[in-house]
Amino acid sequence: MADKQVIFKIQRFDPETDKKPYFKEYSVPLIDGMTVLEGLSYIQEHIDGSIAFRSSCRAGVCGSCGMHINGAYRLACETQIANLESDVITIKPLAHMKVLKDLIVDLEPFWEKYRSVKPYLIPGDPNPEIERLQTQDEREDLVGMIDCILCGCCQAACTMTGTDEEYLGPAILFKADRFAKDSRDHALKERINLTGGAHGVWRCHTIYNCQVACPKKLDPTGAIADLKRKSIDRGTRISFWGKI
Amino acid sequence: MIYHKVLVVGGGLAGMRAAIAVSEHYTNVALLTKIYPVRSHSGAAQGGINGALCNNPRGLHDSCERHGFDTIKGSDFLADQKASMLLTAEAPKRIRELEHWGCPFDRTEEGKIAQRPFGGAGFPRTCYAADKTGHVILHVLYEQLVKHEIKTYNEWMVTKLVVEDGICRGVIAMELLTGKLHPIMAEAVIFTTGGSGRSYGVTTNARTSTGLGMAIPYMEGIPLKDMEFVQFHPTTLVGSNILMTEGCRGEGGYLKNKLGERFMQKYAPDFMELAPRDIVSRCITTEILEGRGFDNSYVHLDLTHLGAHKIITRLPGIREICINFKGIDPITQPIPIQPGMHYFMGGIDCNIDCATDVPGFYAAGECACVSVHGANRLGGNSLLETVVFGAIAGEKAVKYIEGKKDARKGEKALNSALEQQESKINNLLNNQGKEKMPDITKEMSETMLKKVGVFRKKDELKAALDKIKELIQRYKNLGLLNKNRKCNQELMWALELEGNLLVDETVVAGALVREESRGSHSRTDFPKRDDKNWLKHTVATYSSDGVKLSYKEVDTSIYEPVERKY
Amino acid sequence: MERSPFAMWGWLLQRVTGVLLVIGMFVHYLYLHFISKGHITFEIVTARLNSHWWVFFDICLLAIIIYHAVYGLLGILTDCNLKPATQKTLNYLFGIAGILLFFYGFIALLTFHYKVPVI
Amino acid sequence: MIRKLFAFIIEIPDNFHLEMLCFAGQRLSGILLALYLFAHIFVISTATLWGGDAFTAVMKAMHHPVLIVLEILLFAGVVAHMLNGIRIILGDFFALTKAQKSMISIIALIGFLVVSIGGFIMLYNFSQFHS
């Protein structure tokens, strides 16, 4: 065939039949402007229907298709094969999560942690008639905090989520900090209590894996550092003066 | 058997809003979604949500009535006017409610919600959060879902709606990871499954936006309304057809053809680029067809004159998508765009209460047709529709249950439906047919795109209808590669393909018969709007040998239809 | 999860001792490796440690570096998310070992100050 | 358990970038420096255990061309651990997490200068004594 072929090397695993994950290779004809996700769906449609992966929006906004592609965590849908500059594309599921099938991992613990940090606005006063006022400056604090798509790439890249299963992880702490930074939120005390535990912010060693892995170029490390500073501020006051 | 008072199917904005509305009355409400709620395609909405808040200095004289009139005018007077007025009257309340829940809208100088101009609107009234409005609202609603501790069935897919004696009893759902079928009994079922974008090859919609959600009630005899009105978004990125928000033009972007002209001057001199979507799509297509497009397939959306600061603060997502998918930076280069299928104005036929003819079955969001958008939807009204009618559907479902005498009925119907679905899926898996799914999908999307696209013609529509009918027949001989039940995504796509085909049939059949041009339905052989014969809704009903069409009155009690000019 | 002052103070002190060690090690290296020449003898050290300031400095440096080293090693084990009971035992074990080590080093330092073996 | 203990090395191929290498280096140098610290304290305590002459004798034995190279390596380890520690602290306490990439280049430069100057002085001192 005249077309250029790329080899997809995909980690396969079915916990019911396989003892260990293994790699299987597929050859896919390369089309101009093809993304990794398109390659995967080509395999699913034409070569091996048993392969399983999550996908939805194909525009990099839903966060379904986070996976480990050629040495880094990326969204399959926005990764151009041409940009990888390699004839072999190695794909692994998100690390530190239980593999349910091939590239599908068990996200339930992730959502469980998400729920545990009260990820919703807790305003101090009853809702006013009109909107709550917030200056554009206060709104600017949220730039870069509201863009998280919860794809789980940072969570998988973080070395600490691998060693400590109970560690909340960068994505969750990022979410917690999004509310800690919101001028309309009045539950900072509660948020610090929820994230300032031994399996919370103190488990972070500022490795920056999350920041490097983030497909949206957000800064979870910075968010965790922000929570640490807030926690220290409160913690030292309590220790030295007994209360705030 | 799993039992819920109310089961919401679909985890997008409308679904979550409905579930939250129900949970204020009953705790036994569940939300069932094919993916995860935050993965829903509502999150891809970019531009904003419309509401007459009058926060913009240029919008001080705006009002809900003006918003309603713009919506009706935008709809080419096919909207049910009371429904449109309800939508716009509820808008400020719902937007402020979102704000109270923590939605990070951009702000004005005084700290109120900022508003930007949008297509077809007389005043700037689109509230936005950069170009990620859908994303932030989706996350805010999911946060509320978590707060209300609503049970969600993630990665479950409904395969059948169970209707017994004309009353909705529940659904049969498949757990995608295990492939197991479960009957779910519910007093009321709310469908909020979105549109059928995958019917078209060139679409802004997600891979998961398929027509199954509309096809399931359709197969149970619940009609689909106004299906021929399919909106094409004028600006989608060439190649991947990812949405380039209308906000680009709202912020002042220009559309330019090969000659470098702002061609909208010729077509809509007053509104220019901010004419409604159907008009801009037609203009772009005309330019391309008349040879003034690049490579005969696209034109340019030029943002370069806006300056780096405005693009980075107001349209960061657009810039990111352009860089990731096309390798161009909108600050320095124009974006190549073409129209792409975007939204279904039509859907499950329901009234202003989101109720259908089957008691206990409700629909909201894109999959429903309350008929607020008529023949063409204005940008920013879809997010509004989801939160307004999501809430209404939830509340009306609660009211229905309160007035209901029997409960926990229909076990027998559910069990027999379960058996029927089991055998259907087993047949699909064991079918040794020669037909391959990618072929059918490809032929379907190409037919729809080429023959039922922006411009439509009688013989093309006829050919398309034949083709879709042929594909429905060929679908019966589908042979799948993967015969396993567990985690079989191919099976999921196959089930959805059937839904897509059925929905497509209603689209083509409706378009073939409607001999006029109205809103997004543009017939080259009938270029004029014909209020005398066609000011009516198309209602498509399922029968085993194809679509049965009938017609319904349009509510024009408030404004007299006039010619639509921009 | 409850806020954990123990984890916070451990983490914070690790950073504080880290910064102090930057200063301490600078002085330590400057004096002992760059200014003083040749191989060190007992007499050279005793001459330096005649000064109370040097004794004070060395004891502080010893305490800080032992905290930093012991907490650092313990931290690596803590990251493994062991059973709470095991973790508690380890905390005590490392704590006691750190204190013992400090006293051992302390006595070694005093040997130079008093110019005779303490034992 | 072993996997978890050495995750900072095992996971390098999955996250192959400078930041991860810095972290692994920080942990590894930390462990080695801690071990060195214990040895260091023990060597100094020879004076307490066996008297001043024993201490002098041990110190003289330490003054060996091979050991001076190891000593310079130790110095490099201390400097690397220190500078990387400063980078982490700056990131955490001064909201400089976005600037960490440039911080890595800066500390690499500073580290290189400090180690080469310090190493040169140490070598010079050593050679002076022997000549």
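Remember, it's a predicted structure, so these values are computed and weren't measured experimentally. Proteins come first, then strands; the chains are lettered A, B, ... in the order of their sequence lines, and each starts at number 1.
Between A:R191 and A:D185, at least one side-chain nitrogen of the basic residue sits less than 4.0 Å from a carboxylate oxygen of the acidic one, meeting the salt-bridge criterion. The residues A:R203 and A:D164 are annotated as salt-bridged, a charged nitrogen and a carboxylate oxygen being separated by less than 4.0 angstrom. Contact check on A:K181 versus A:E138 returns no salt bridge, with no Lys/Arg side-chain nitrogen under 4.0 Å from an Asp/Glu carboxylate oxygen.
Taking 4.5 Å as the heavy-atom cut-off, none of the residues of residues 108-123 of chain D approach chain A. The contact list for residues 80-95 of chain D toward chain A, using heavy atoms and a distance under 4.5 Å, reads D:R87, D:I88, D:G91, D:D92, D:F93, D:F94, D:A95 by residue number. Using a 4.5 Å cut-off between non-hydrogen atoms, the part of residues 11-24 of chain D that approaches chain A consists of D:E11, D:D14, D:N15, D:F16, D:H17, D:E19, D:M20, D:F23.
Proximity of D:V58 to D:W50: side-chain heavy atoms (C-beta onward) are nowhere separated by under 4.5 Å. Between A:I10 and A:L40 the shortest side-chain heavy-atom distance falls below 4.5 Å. By the 4.5 Å heavy-atom criterion applied to side chains, D:Q100 and A:T221 are not counted as neighbours. Two residues are said to be in side-chain contact when any heavy atoms from C-beta on lie closer than 4.5 Å; A:C151 and A:L75 meet this criterion.
In this structure, D:H63 has its ring center closer than 6.0 angstrom to the ring center of D:F126. In this structure, A:H68 has its ring center under 6.0 Å from that of A:Y73.
More than 12 heavy atoms of other residues, nucleotides or ligands shown are found within 6.0 angstrom of CG on A:D233.
If you measure heavy-atom distances from A:I232 to chain D, the contacts under 4.5 Å come from the side chain alone. For D:R3, no part sits under 4.5 Å from any heavy atom of chain A, backbone or side chain.
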Donor-acceptor pairs under 3.5 Å, side chain of residues 32-40 of chain D to any protein atom, not counting sequence neighbours: which ones?
{"residue": "D:Y36", "atom": "OH", "partner": "D:H40", "partner atom": "ND1", "Å": "3.4"}

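Between chain D and the options A:G162, A:A157, A:G71, the largest number of non-hydrogen pairs under 4.5 Å is found for A:A157.
Using modelled atom types and a 3.5 Å distance limit, the side chains of A:Q155 and A:T161 yield no donor-acceptor pair. For the residue pair A:T159/A:N209, the side-chain donor-acceptor check at 3.5 Å is satisfied.
A side chain to side chain contact (heavy atoms under 4.5 Å, CB included) with A:I51 is found for one member of A:K24, A:R12, A:K101 and no other, namely A:R12.
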